[in-house]
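Numbers here are sequence positions counted from 1.
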Amino acid sequence: MANGQDIELSIVIPVLNEADNLQQLYDEICNTADGRYSYEILFIDDGSTDNSFAVLSKILQNSERVRVIRFRRNFGQTAALSAGFEHARGRIIIPLDADGQNDPADIPRLIEKLNEGYDIVSGWRRKRHDNVFTRKLPSWAANRLIAAITGVKLHDFGCTLKVYRATSLKEIRLYGEMHRFIPALASWSGEKVSELVVNHRPRTKGVAKYGLARTLKVVLDLITIKFLMSFSTKPIYIFGGLGVLSILGASLSGTAVLYQKFISTSHLSMNRNPLLVLTAMLITASIQFILMGLLAEMLVRTYHESQDRPIYVIEKIFESENKV
Ligand code: UDP
Ligand code: MG
């Protein structure tokens, strides 16, 4: 096996019960990459309960390019990808689905695009072969929403086939279903992201692992991501802002209560006025918001300072040659 320095590509494949798809996928990758790139393939067996591991062991015996990481149980596709990224040695990292829906023949085009000067090129499954109601429609809506909220203009965040420079993945930690947000996170730290239409094929063997529930998870992840991207180093701005709004609301409705009691001709009794309840609620909410903001500020400081994480990303430091 080539040593770590000169591996160009690491192909990372999360596998959950895909026994019937693996050999064909492996052959296709070899057809595309043999003689063209120095590469390695990492299969992550994410707790498969079918024959997948046996098939992987067989592939492993016949190839020095392959490594297999076996999880103790099913931890999910994002965890599998994360483990693959962590152990990859190549300069370029390419995740692929194990079910054969992504086409390895697209890899060279994606790499050409990357070499035009990008850090990430994301696959776009323009003609997607999946169930319309459980996949295509929810995914269309989710993609629009993600693009609008993160400000990263991609058509298809969910496509596993993407091409990353290994350096782009180093800083990124993944949770939940967040692998689809890597381009957004990377673009936020200044990486250049592009996309390219890729082939997408129907799943011919094995069963799809997700249903509609994934869309809900993606939307919840999106809220987290948006919060982290916009306010992770200054949470008091959002919580404090809400707190101040609540105080303003409380003052308005409190004034209205007093006005209706003492000044207006109606002389409405305060305890019959629902606005009094609103005032009390808003005062409580404002205290909660501000305290939550302060707690979040402490958490953020612990997070950054305990891990020496800077709040910025430096590209390069320039220094004058003529030192005094
Ligand atoms: N997968 C996994 N762990 C899981 C679920 C899925 O490793 O808990 C793998 C699965 O084997 C496949 C890929 O993730 O290689 C994508 O899964 P699937 O084809 O079911 O979903 P799609 O993204 O195509 O809708
Ligand atoms: Mg699939």
Side-chain angles (χ1 to χ4, degrees), residues 75-76 78-79 82 138 141-152 157 171-190 212-264 266-313:
F75 284 95
T78 298
S82 211
N143 280 318
R144 285 296 186 83
L145 194 67
I146 299 174
I149 290 187
T150 61
V152 177
F157 287 86
E171 293 295 318
I172 294 179
R173 294 274 171 275
L174 300 173
Y175 300 90
E177 288 286 318
M178 286 194 186
H179 62 88
R180 73 199 58 243
F181 294 113
I182 299 174
L185 291 166
S187 150
W188 174 66
S189 48
L212 263 180
R214 177 165 71 182
T215 314
L216 176 67
K217 292 185 188 166
V218 168
V219 171
L220 293 174
D221 280 344
L222 181 62
I223 298 176
T224 316
I225 288 283
K226 175 65 186 172
F227 178 75
L228 291 179
M229 282 168 80
S230 312
F231 297 105
S232 72
T233 58
K234 43 185 185 324
I236 190 76
Y237 290 177
I238 188 155
F239 289 113
L242 290 170
V244 170
L245 277 182
S246 304
I247 292 176
L248 285 178
S251 324
L252 276 180
S253 81
T255 313
V257 172
L258 292 175
Y259 174 83
Q260 287 170 345
K261 162 91 183 159
F262 294 112
I263 300 175
S264 120
S266 65
H267 292 296
L268 187 61
S269 140
M270 276 168 72
N271 60 3
R272 295 199 167 191
N273 194 340
L275 284 180
L276 186 67
V277 180
L278 182 69
T279 313
M281 250 178 54
L282 286 174
I283 291 175
T284 320
S286 71
I287 296 172
Q288 297 284 0
F289 275 133
I290 291 176
L291 288 181
M292 219 166 353
L294 290 172
L295 279 179
E297 283 287 326
M298 284 172 71
L299 282 178
V300 162
R301 280 162 176 61
T302 316
Y303 173 76
H304 282 278
E305 287 167 26
S306 63
Q307 302 182 43
D308 268 338
R309 275 175 181 266
I311 58 167
Y312 48 77
V313 188

Smallest separation among heavy atoms of [X] and [Y], with atom names:
| X | Y | answer |
| --- | --- | --- |
| G254 | T279 | N-OG1, 3.4 Å |
| A250 | I283 | CB-CG1, 3.7 Å |
| L282 | G249 | CD1-C, 3.5 Å |
| H267 | F262 | CE1-O, 3.6 Å |
| G243 | I290 | CA-CG1, 4.1 Å |
| F239 | A296 | CE1-CB, 4.1 Å |

Side-chain contact, heavy-atom cut-off 4.5 Å: T255 with L258?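 The answer is no, as the side chains (C-beta and beyond) never meet within the 4.5 Å cut-off.
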Under a 4.5 Å cut-off applied to non-hydrogen side-chain atoms, are S82 and Y175 in contact?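 Answer no - side chains too far apart.
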Taking atom CZ of F227 as the centre, does the number of heavy atoms from other residues, nucleotides or ligands within less than 6.0 Å exceed 12?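 Atom CZ in F227 is crowded, with more than 12 foreign heavy atoms closer than 6.0 Å.
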For R272, I'd like to know if atom CZ has over 12 heavy atoms of other residues, nucleotides or ligands within 6.0 Å.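 12 or below, so no.
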How long is the gap from [atom1] on [X] to [atom2] on [Y], to the nearest 0.5 Å?
| X | Y | atom1 | atom2 | result |
| --- | --- | --- | --- | --- |
| Y259 | L252 | OH | CG | 14.5 Å |
| R214 | R180 | CZ | CZ | 5.0 Å |
| M178 | L228 | CE | CG | 6.5 Å |
| R173 | L185 | CZ | CG | 12.0 Å |
| T233 | Y312 | OG1 | OH | 12.5 Å |
| L212 | L216 | CG | CG | 10.0 Å |

Judged by atom type as modelled, is there a donor-acceptor pair below 3.5 Å linking the side chain of [X] to the main-chain atoms of [Y]?
| X | Y | answer |
| --- | --- | --- |
| E297 | I236 | yes |
| S189 | A186 | yes |
| T78 | G176 | yes |

Donor-acceptor contacts under 3.5 Å from residues 218-226 side chains, at least two apart:
{"residue": "D221", "atom": "OD2", "partner": "E177", "partner atom": "N", "Å": "3.0"}
{"residue": "T224", "atom": "OG1", "partner": "L220", "partner atom": "O", "Å": "3.2"}
{"residue": "K226", "atom": "NZ", "partner": "S230", "partner atom": "OG", "Å": "3.4"}

